[in-house]
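Nothing here was measured: the structure is a model prediction, and the numbers come from that model. Every heavy atom of this structure was used, including side-chain atoms; hydrogens, water molecules and symmetry mates were not. Labels below follow one simple rule: chain letters A, B, ... track the order of the sequence lines, proteins then strands, and each chain is numbered from 1.
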Number of protein chains: 2
Amino acid sequence: MIKIGEFSKVVQVPVATLRYYDQVGLLKPIEVDRFTGYRYYSASQLPRLHRILALKGLGFSLEQIGLVLAEGLTPEQMRGMLRLRHAQISQQLAEVQSQLLGVEARLQQIEKEDKISTYDVILKQVEPLLVASVRAILPNHSAVGALFGEVYAAMGAHVSEALGPHPENGGQTLALCYDTEFKENEVDGAAAFMLRCRVPERGRMKVHELPAAAMAATVHHGSYNTIGEAHEAILTWIDANGYRIVGPDREINLYHTMPIRLDDPSYVTEIQYPVEKIGTGNE
Amino acid sequence: MIKIGEFSKVVQVPVATLRYYDQVGLLKPIEVDRFTGYRYYSASQLPRLHRILALKGLGFSLEQIGLVLAEGLTPEQMRGMLRLRHAQISQQLAEVQSQLLGVEARLQQIEKEDKISTYDVILKQVEPLLVASVRAILPNHSAVGALFGEVYAAMGAHVSEALGPHPENGGQTLALCYDTEFKENEVDGAAAFMLRCRVPERGRMKVHELPAAAMAATVHHGSYNTIGEAHEAILTWIDANGYRIVGPDREINLYHTMPIRLDDPSYVTEIQYPVEKIGTGNE
DNA sequence: CTTGACTCTCAAGCGACTTGAGGGTTTATA
DNA sequence: TATAAACCCTCAAGTCGCTTGAGAGTCAAG
């Protein structure tokens, strides 16, 4: 029969925490003075507390620990809990590891350039996307602008099926680059509009569905002249964070007006590269 | 100028979260309708949100992210934040990894014995400990009981310096085992009392300080006959969790009465083995 | 003009504690 | 024996990053 303060010292658990465990019913003192409310513990409670600390150390919630302590579960149920927890921890491990890589990449970047990067790359899942597009070999990157005109013309009255708040004066456009390495000329690119439903194809304009994918993405704000930096930033990130490019990259503009003017400084472009984690390949 | 719902879809962040970011000042809409309170966002806010998501992905708190977004910090400060975070993540990584090992160990144990273990092993730091002890080669493990009598006698009037609530009828005792491998006889063991201050030595009774250490510990409740199981459990744990024994183990009894009676079924014994993580050796 | 989808604010809830205010009890010392 | 220091009590609120829900107002299509 010892008081809470001494028990606290023996088991190295703060007094407040012991009171909390009492409150939630996890570890009740063997006796509570009816008049003063003083809590009294005994050495015989050590095994129970040890179990609490052990399970807490494995990351179980107090509620789950309560279940285990109630002794009402079979070994089979216990196995189930452990397997579930195992899965959770594995996932958490992957997350923490990628955080570590991410922080290290940022540190490297800041060591090299001695300034905080303009571009922030994040990983996001995108859903399958229906598009109307024209693909062609272009003399240079800027030439993609002309392709948008072609798509626009080919759609005709179906422009209203293009995604965006006001299709006439601001839709969502998408430029794709199929080259697997950087090229100044003979760029294999495409211009596309996002669709809410299928429209008839016409000429070089085809309709197809871009697949769902995990994307490394960043946002470029300003004219296209400096968009190369954004691509560079994203490629550096992909390398430093242990990913690999697995398809054509996309340049997405929300709320473009037609015709496209590549030097508009108010443009906001999201650049996406489909990626997969190295070492998780499905080949 | 788009409404919160559509912005939410584009950036894949829940509406409630956007409202929350508005509330805490992390991302204010570019415009709020004075009459309806409707929030309006624009594509130009994408870079800011991207930065928020990127930093959140590295595990920074919203408060820290707010600081970064305020642009008021130098690259040097940013480096500092990143290094700090790096240290935190490394620690978290170690913790998650040991959780994974721990869960796997428990799963193995339950697969093998098909019951939930009686013993829960935890890791704890113990502080340096002043003890009065008698060390000797003993014919068997139970013989340590006699040594306690010798310590008790050697302390004489200084018994009052022994730790525990009432030194006469219940003190804290400690049995040490210096063998590096299990022995049935010729056990190199010691019996000790914990002291609050130094007392004079007498005969075989010596006073010295046990070093601080990280301990793998468990609690045995009941007579000494079955204490072997507790040792076994702890040794299995040490192996499965990637630790190594680095010193003599301790058996600690809180609130022993003198003389020691080894078959008392109400005894509670904490068993500790000093350990270090394999791969973190200081040699 | 209705319907249904969307938006607003404000309050409370989550988990595992921690902190603090305000007040009673025990114990060691003067 | 008085008193100070150490210890104990309860209850309430704060932490973080949202999430959920109630109740009410707004907007766009049919």
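Considering only side-chain N and O atoms, A:Arg39 lies nowhere under 4.0 angstrom from the phosphate OP1 or OP2 of D:dC8. Contact annotation: A:Thr17 reaches the phosphate of C:dT18 (side-chain N/O to OP1 or OP2, under 4.0 Å).
Here the closest heavy-atom approach between residue B:Ile30 and residue B:Ser42 is recorded as CD1-CB, 3.3 Å. A pairwise comparison of heavy atoms in B:Thr74 and A:Ile116 identifies O-CD1, 4.4 Å as the closest pair.
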Using residues 101-108 of chain A as the side-chain source, report each donor-acceptor pair under 3.5 Å to any protein atom, sequence neighbours left out, with the distance given to one decimal.
residue  : atom : partner  : partner atom : Å
A:Glu104 : OE2  : B:His86  : NE2          : 2.9
A:Arg106 : NH1  : A:Asp120 : OD1          : 3.4
A:Arg106 : NH2  : A:Asp120 : OD1          : 2.4

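Between the CZ atom of A:Arg34 and the C1' atom of D:dT10 there is a distance of 18 Å, rounded to whole Å. Summarising the geometry, the separation between CG on B:Asp22 and P on D:dC18 is reported as 14 Å, rounded to the nearest angstrom. Between A:Leu55 atom CG and C:dA16 atom P the separation is 12 Å, expressed in whole Å. Atoms CD1 (B:Ile4) and C1' (C:dT9) sit 12 Å apart, rounded to a whole Å. If you take CG of A:Leu18 and C1' of D:dC9, they are 15 Å apart, rounded to a whole angstrom. The distance from atom NZ of B:Lys9 to atom C1' of C:dA5 is 10 Å, rounded to the nearest whole Å. For B:Leu26 and D:dC18, the CG to C1' distance is 13 Å, given to the nearest whole Å. As a whole-Å value, the separation of B:Gln23 CD from C:dC10 P is 9 Å.
Partners of A:Tyr243 according to the ring-ring contact (aromatic ring centres under 6.0 Å, His included) rule, which considers only residues two or more places apart in sequence or in another chain, are A:Trp237. With sequence neighbours left out, the side chain to side chain contact (heavy atoms under 4.5 Å, CB included) criterion links B:Gln12 to A:Lys124.
Using a 4.0 Å cut-off between a side-chain N of Lys or Arg and a carboxylate O of Asp or Glu, B:Glu6 and B:Lys9 do not qualify as a salt bridge.
Rounded to the nearest 0.5 angstrom, A:Arg19 CZ and A:Ile4 CD1 are separated by 5.0 Å. Distance CD/B:Gln64 to CG/B:Leu84: 7.0 Å, rounded to 0.5 Å.
Partner of B:Phe60 under the side chain to side chain contact (heavy atoms under 4.5 Å, CB included) criterion, chosen from B:Val68, B:Leu82, B:Leu67: B:Leu82. The only member of A:Ile234, A:Ile271, A:Ile238 that meets side chain to side chain contact (heavy atoms under 4.5 Å, CB included) when paired with A:Val121 is A:Ile234.
The shortest distance between side-chain heavy atoms of B:Val275 and B:Leu123 falls below 4.5 Å.
Within residues 85-97 of chain B, no residue has a heavy atom under 4.0 Å from DNA chain D.
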What pairs of nitrogen or oxygen atoms, one from the protein and one from nucleotides 25-30 of chain D, lie under 3.5 Å apart?
residue : atom : partner : partner atom : Å
D:dG25  : N2   : B:Tyr38 : OH           : 3.1
D:dT26  : O4'  : B:Tyr38 : OH           : 3.3

Collect all protein-nucleotide pairs involving nucleotides 13-17 of chain D in which both atoms are nitrogen or oxygen and the distance is under 3.5 Å.
residue : atom : partner : partner atom : Å
D:dG17  : OP1  : B:Leu62 : N            : 3.3

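Heavy atoms of A:Arg19 sit under 4.0 angstrom from at least one base atom.
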